[in-house]
Amino acid sequence: LSWLVKDVWAPILEGNPDIDEVLAVNVSLRNWPAVIRTLRSGMLDLVADFQELFRTGFFRAITRAKTRVGFARAREGATWFYTHQVPLSEDTPRSWRLLEVHAVDRNLAITEFLGGKSSTPVFQLPQLSADHLAIETLLQGANVQDHEQLIALAPWTRSIIKSWPHRRFLDLATELVQWPNVRVVLLGGPSDMSAAEAFIMLASRGLINLVGKLSLRQLPLLLRRMHL
């Protein structure tokens with residue numbers, strides 16, 4: 001089983017026992033020739049497109065796999081590249097979004113279409129000892145006590161239309177740091193560091209600013225320590 005993934009997201013798949021090969025690629029347009037060479041060298045028998053975009057459908061087609069599976073209502077004309085289309089039921093169709101079905105359930109529909117069973121999904125996430133140590137060091141450095149409850153806030157997304165207004169996150173954090181035995185943990189990537197300065201005033205009330213300080217691989221380990 002091979003998994004094609006953007007190189008920036010590949011670390012979350014490290015050590016996954018269900019994957020034989022991680023194909024981490026740069027999918028920028030200028031790098032497409034390299035992606036095409038990678039895919040055509042794989043001698044794949046079956047490919048599945050879980051992202052339902054023109055780009056991902058095209059990448060599946062150039063693998064020359066005889067069986068190419070994707071969603072029947074995939075976006076951007078991606079269905080042109082599929083040999084098999086998986087329909088999904090929906091109660092209330094909306095023109096502005098793909099389906100009223102959770103992404104996990106959509107993906108499980110493809111596995112069921114291929115004959116797999118999906119009683120309870122299991123999410124295999126990296127658990128490297130070095131990452132465990134890094135998380136413990138960060139929390140100890142913030143003087144986190146055993147009796148304190150940690151609440152994570154991640155105010156930023158890649159698209160503003162997916163975001164709750166940042167001012168409301170700040171208001172929420174301001175309220176939470178006043179609760180007894182509660183510590184707010186602020187999360188974000190390196191590109192969010194300047195925006196995180198708006199929360200600095202709450203550091204004296206116990207807010208822990210980890211924006212830009214975690215790798216993608218370390219993030220699940222930290223979230224396991226959160227109470228909310």
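Numbering of residues begins at 1 and proceeds along the displayed sequence.
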Query raised in the report: Can you tell me how far CZ of R183 sits from CD1 of I151, rounded to the nearest 0.5 angstrom?
Result: 12.0 Å

**Report entry** Note, F123 side chain near N16 side chain (heavy atom, < 4.5 Å)
**Finding:** no

Report task. Find out if a path of hydrophobic residues (ILVMFWY) with successive side-chain heavy-atom gaps under 4.5 Å connects V8 to L187. Result -> no

Query raised in the report: Is the backbone of D171 close enough, under 3.5 Å, to the side chain of E175 for a donor and an acceptor to pair up by distance?
Result: no

**Report entry** Polar side-chain atom of D192 near backbone of G189 as donor-acceptor pair, under 3.5 Å
**Finding:** yes

Requested in this report: Could you state whether W156 and L216 fall into the same hydrophobic cluster, counting links through intermediate Ile, Leu, Val, Met, Phe, Trp or Tyr residues with side-chain heavy atoms under 4.5 angstrom apart?
Outcome: no

**Report entry** R224 CZ to L150 CG distance, which is reported to the nearest 0.5 Å
**Finding:** 15.5 Å

Query raised in the report: Is L228 atom CG crowded by more than 12 heavy atoms from other residues, nucleotides or ligands, each under 6.0 Å away?
Result: no

Query raised in the report: Parallel, tilted or perpendicular: which describes the rings of F58 and F81, with under 30° parallel and over 60° perpendicular?
Result: perpendicular

Query raised in the report: Hey, are the side chains of P155 and L186 touching, using non-hydrogen atoms and a 4.5 Å cut-off?
Result: yes

Query raised in the report: Does CZ belonging to R40 count more than 12 external heavy atoms closer than 6.0 Å?
Result: yes

Report summary line: dist Q218:CD -> I12:CD1 (nearest 0.5 Å) comes out at 10.5 Å

Query raised in the report: Going from CG on L128 to CG on L133, what distance comes out if it is rounded to the nearest 0.5 angstrom?
Result: 11.5 Å

Requested in this report: Using a cut-off of 6.0 Å, state whether more than 12 heavy atoms not belonging to M193 lie near its atom CE.
Outcome: no

**Report entry** Donor-acceptor pair, side chain of N26 and main chain of N31, under 3.5 angstrom
**Finding:** no

Query raised in the report: So, does R75 use its side chain to make a donor-acceptor pair with the main chain of Q51 at under 3.5 Å?
Result: yes

Report task. State, with a plain yes or no, whether a side-chain heavy atom of L138 is found less than 4.5 Å away from one of L214. Result -> yes

Query raised in the report: Of the non-hydrogen atoms in A10 and A24, which two are nearest, and what is the gap between them?
Result: CB-CB, 3.6 Å

Query raised in the report: Has W32 got more than 12 heavy atoms of other residues, nucleotides or ligands less than 6.0 Å from its CH2?
Result: yes

Query - Non-hydrogen side-chain atoms of F199 and F169 separated by less than 4.5 Å - result: yes

Query raised in the report: Can you tell me how far the CG atom of L4 sits from the OG1 atom of T56, to the nearest 0.5 Å?
Result: 9.0 Å

**Report entry** Single-linkage hydrophobic cluster, 4.5 Å side-chain cutoff, L223 and I135 together
**Finding:** yes

Requested in this report: Return yes when atom CG of D45 has more than 12 non-hydrogen atoms of other residues, nucleotides or ligands closer than 6.0 Å, and no otherwise.
Outcome: no

**Report entry** Pairing residues for E76 by the side chain to side chain donor-acceptor pair (under 3.5 Å) criterion, not counting sequence neighbours
**Finding:** none

Report task. Please report the closest heavy-atom contact between Q85 and F113, naming both atoms and the distance. Result -> O-CE1, 4.5 Å

Query raised in the report: Do the side chain of D20 and the main chain of L1 share a donor and acceptor less than 3.5 angstrom apart?
Result: yes

Query raised in the report: Linking I/L/V/M/F/W/Y whenever their side-chain heavy atoms sit closer than 4.5 Å, directly or via other members, would L108 and V69 fall into one cluster?
Result: no

Query raised in the report: For the residue pair L46 and A65, what are the closest heavy atoms and their distance?
Result: N-CB, 4.1 Å

Query raised in the report: L88 and R73: side chain to side chain contact (heavy atoms under 4.5 Å, CB included), yes or no, with the steps?
Result: CA-CA 8 Å; L88 294 176; R73 289 192 58 196; over 6 Å; no

**Report entry** Qualifying residues under side chain to side chain donor-acceptor pair (under 3.5 Å), relative to R68, sequence neighbours excluded
**Finding:** none

Query raised in the report: Are the side chains of F50 and I110 in touch, meaning some heavy atoms are under 4.5 Å apart?
Result: yes

Query raised in the report: Do L219 and L221 belong together in a cluster built from hydrophobic side chains that touch within less than 4.5 Å?
Result: yes

Query raised in the report: Any donor and acceptor pair, going by atom type alone, linking the side chain of R60 with main-chain N or O of G70 inside 3.5 Å?
Result: no

Query - Between Q145 and N143, a side-chain donor and acceptor under 3.5 Å - result: yes

Query - D131 side chain near P220 side chain, heavy-atom distance below 4.5 Å - result: no

Query - From L13 atom CG to L125 atom CG, the distance as rounded to the nearest 0.5 Å - result: 9.0 Å

Query - Note, F59 side chain near V27 side chain (heavy atom, < 4.5 Å) - result: yes

**Report entry** Heavy-atom side-chain proximity of L139 to L222 below 4.5 angstrom
**Finding:** yes

